[in-house]
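Data first, discussion second: the structure below is written as structure tokens.
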Amino acid sequence: MPHATNAYPFEWKILAFAHMLSAQQTAGDGQHGFLLTPTTHGTIRTLHFDWPAGSWLPLADARDQTCDAYLLYDPFEPDEHTFLRWRRIERATMEALIGSVFEDADFHAVALPHVKPPRIGCPLLQFPDSWDVMF
């Protein structure tokens, strides 16, 4: 189940990276979903923009079966809702991938007008190497 908070700054940093990568790779507006497989050094090993049979689930399920790390970006309702999922991506790898270092404040939930996150001000203890979030 996705975390419906989207109140952690680290989530927004990863979303900004995904949106920018989509826009760069498709010469478009950042509204094309993808499934990215990173190396442990934070570079892109594979990048898929085409969903088989109209869904990202088969690609994500295949990665889950092989225990491959991945980042999924799915702006399924552009300008309304976007889904992010990553699996088995360590903090240092994600930082290298997005080109930004996370700060302690990135792990503290902040109050947003449209969201009631759990435990405002209570930080996550560490970067989650697997996470789902809906924006």
side-chain hydrogen bond (donor to acceptor under 3.5 Å, both in side chains) against [X], all qualifying residues, sequence neighbours excluded:
X	value
Asp61	none
Arg63	Thr37, His48
Arg88	Asp64

To check you understand the geometry: which heavy-atom pair defines the closest contact between [X] and [Y], and what is its length?
X	Y	result
Tyr8	His108	CD2-C, 3.8 Å
Thr93	Thr39	CG2-O, 3.3 Å
Phe17	Leu97	CE1-O, 3.3 Å
Pro38	Ala69	CD-O, 3.6 Å
Ala105	Pro9	O-CG, 3.8 Å

Quick one, [X] and [Y] - any side-chain contact, counting heavy atoms below 4.5 Å?
X	Y	answer
Asp68	Arg45	yes
Leu21	Ile44	yes
Phe135	Trp12	yes

Item to check | All side chain to side chain contact (heavy atoms under 4.5 Å, CB included) counterparts of Ser100, not counting sequence neighbours | outcome: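 Here the qualifying residues are Lys13, Ile98.
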Item to check | Set of side chain to side chain contact (heavy atoms under 4.5 Å, CB included) partners for Glu103, sequence neighbours left out | outcome: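 Scan of Glu103 (side chain to side chain contact (heavy atoms under 4.5 Å, CB included), adjacent residues dropped) gives Asp106.
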Checklist entry - Taking atom CG of Leu36 and atom CG of Leu72, what is their separation to the nearest 0.5 Å? => result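 It is 10.0 Å, given to the nearest 0.5 Å.
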Checklist entry - Considering residues at least two apart in sequence or located in another chain, which fulfil the ring-ring contact (aromatic ring centres under 6.0 Å, His included) criterion with Tyr70? => result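 ring-ring contact (aromatic ring centres under 6.0 Å, His included) check on Tyr70 returns nothing, list empty.
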Checklist entry - What about the rings of Phe102 and Phe127, do their centers lie closer together than 6.0 Å? => result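 Yes, the ring centres sit under 6.0 Å apart.
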Checklist entry - Just checking, is any N or O donor in the side chain of His32 or Tyr73 under 3.5 Å from an acceptor N or O on the other one? => result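 No, no side-chain donor-acceptor pair sits under 3.5 Å.
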